[in-house]
Amino acid sequence: TWKERCIESSMQTEISSPEIRFEQLTREQQRLVNLVDARLNAPQDEQYESPVRIILVSPPGTGKTTTLAHIKFLLETKKRSDPEFDFKFAVLTGTLAFQLKIQTIHSAFKLPVKFSHEFLEQIKNGTAYTPTVLAEFRKVRWLILDEMSLISLRLLHAIDLIMRSADDFFKDEPFAARSIVICGDPLQVSKYIFLVDL
């Protein structure tokens, strides 16, 4: 759509600095941003051996979006300096995707809105996508998914299959040994931010 083309164009031409300074983040938020920064600068083999797998859970208004803005800035900076590096930062709804200037999950992973069990089998056997698309997925080293309360297990399973099908070397590892941060507010009752290892 024209919105997605507009978003992709803006992402290619500029890297937006977070509006909130790092010093204004909470200690837990700073810890997550520092963790991502450290892993991005680690040797590639080490990143695959010990991928980051975090669930960031907090209620509305506690800084999830701001934290993700800092992580997005780090990932975009890395991508700009390393042509072999890529990431997927996506949400489920088009409205939030447009606001954050990112893609929806279905667009980022080239998934139909409704997909059948047969389509999942095609992903498994490598026939759902062209070799060119699989090569693009193979470059992805980080997955950032927001709106976790709206992401079904079936959709998460599809993403896992896509990443595994794109990389035969890590096909037996969850998400093909890629780092993943899932963010959201599934219960909307907690008053605090928790970082939970997947």
Side-chain angles (χ1 to χ4, degrees), residues 1-22 24-26 29 32-33 36-37 40 52 54-83 85-115 119 123 128-129 132-133 136-137 139-163 166 175 178-188 193:
T1 66
W2 69 271
K3 288 185 178 180
E4 290 174 342
R5 291 196 298 269
C6 178
I7 292 170
E8 291 174 0
S9 176
S10 65
M11 289 179 66
Q12 292 171 0
T13 57
E14 63 179 23
I15 298 178
S16 301
S17 300
E19 295 180 1
I20 305 298
R21 292 185 293 110
F22 177 79
Q24 295 176 273
L25 299 178
T26 68
Q29 292 166 352
L32 176 56
V33 174
V36 173
D37 189 25
L40 283 174
V52 173
I54 294 292
I55 297 177
L56 174 60
V57 180
S58 69
T62 52
K64 293 188 301 295
T65 301
T66 300
T67 304
L68 292 179
H70 280 269
I71 294 174
K72 181 170 179 272
F73 178 78
L74 293 174
L75 295 171
E76 288 180 338
T77 302
K78 176 69 174 179
K79 181 177 179 178
R80 186 68 63 89
S81 64
D82 184 356
F85 173 89
D86 202 358
F87 67 96
K88 294 293 184 184
F89 188 166
V91 296
L92 189 66
T93 63
T95 300
L96 185 58
F98 185 70
Q99 291 175 349
L100 298 181
K101 296 184 179 180
I102 58 178
Q103 292 178 295
T104 64
I105 289 176
H106 290 83
S107 175
F109 294 95
K110 305 184 186 305
L111 285 165
V113 176
K114 295 183 179 180
F115 51 87
F119 184 76
I123 296 176
Y129 300 102
T132 300
V133 171
E136 292 176 3
F137 286 135
K139 292 172 60 177
V140 173
R141 287 191 235 160
W142 281 77
L143 307 171
I144 312 296
L145 305 177
D146 199 359
E147 297 186 310
M148 64 180 292
S149 60
L150 303 179
I151 301 174
S152 66
L153 290 177
R154 190 163 182 267
L155 184 56
L156 200 61
H157 177 55
I159 296 171
D160 177 42
L161 290 179
I162 290 169
M163 299 310 300
F175 299 98
R178 270 49 174 187
S179 290
I180 179 169
V181 176
I182 302 178
C183 178
D185 176 25
L187 301 178
Q188 298 191 3
I193 291 177

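Any value given below was found using the heavy atoms of this structure, including those in side chains, with hydrogens, waters and symmetry copies removed.
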Task: By salt bridge (Lys or Arg N to Asp or Glu O under 4.0 Å) - contacts of R21 (at least two apart) - done: E23
Task: Partners meeting salt bridge (Lys or Arg N to Asp or Glu O under 4.0 Å) with D86 (sequence neighbours left out) - done: K79
Return the minimal non-hydrogen interatomic distance between [X] and [Y], and the atom names on each side.
X: I105; Y: I151; answer: CD1-CD1, 3.6 Å
X: L68; Y: C183; answer: CD1-SG, 3.8 Å
X: G94; Y: T104; answer: CA-CG2, 3.7 Å
X: T93; Y: L150; answer: CG2-CD1, 3.9 Å
X: A158; Y: I123; answer: O-CD1, 4.4 Å
X: D160; Y: F175; answer: OD1-N, 2.6 Å

Under 3.5 Å donor-acceptor, [X] side chain and [Y] backbone:
X: R178; Y: L143; answer: no
X: Y129; Y: K110; answer: yes
X: K139; Y: P83; answer: yes

State which residues pass side chain to side chain contact (heavy atoms under 4.5 Å, CB included) with [X]; sequence neighbours excluded, sorted by chain then number.
X: T65; answer: L100
X: P112; answer: F115, F119
X: T95; answer: Q99

Are side-chain heavy atoms of [X] and [Y] found at a separation under 4.5 Å?
X: W142; Y: F89; value: no
X: L155; Y: H106; value: yes
X: V57; Y: M148; value: yes
X: L156; Y: I182; value: yes
X: T77; Y: L40; value: no

- [ ] Go through M163 and K88 one step at a time and tell me if the side-chain contact (heavy atoms from CB on, under 4.5 Å) criterion holds.
- [x] CA-CA 11 Å; M163 299 310 300; K88 294 293 184 184; 6.0 Å; no
- [ ] Mind running side-chain contact (heavy atoms from CB on, under 4.5 Å) on I144 and I102 for me, showing each step along the way?
- [x] CA-CA 11 Å; I144 312 296; I102 58 178; over 6 Å; no
Say you draw a straight line from [atom1] of [X] to [atom2] of [Y]; how long is it, rounded to the nearest 0.5 Å?
X: L145; Y: F109; atom1: CG; atom2: CZ; answer: 5.5 Å
X: L32; Y: I71; atom1: CG; atom2: CD1; answer: 4.0 Å
X: E76; Y: F85; atom1: CD; atom2: CZ; answer: 10.5 Å
X: I162; Y: H157; atom1: CD1; atom2: NE2; answer: 10.5 Å

Task: Carboxylate-amine/guanidinium proximity below 4.0 Å for D82 and R141 - done: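 Counted as a salt bridge, because a side-chain N and a carboxylate O are separated by less than 4.0 Å.
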Task: Polar side chain donor-acceptor pair, Q29 to T66, under 3.5 angstrom - done: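 Looking only at side-chain atoms, T66 and Q29 do not form any donor-acceptor pair under 3.5 Å.
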Task: Residue pairs fulfilling salt bridge (Lys or Arg N to Asp or Glu O under 4.0 Å) with at least one residue in residues 89-98, sequence neighbours excluded - done: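 The answer is none; no pair qualifies.
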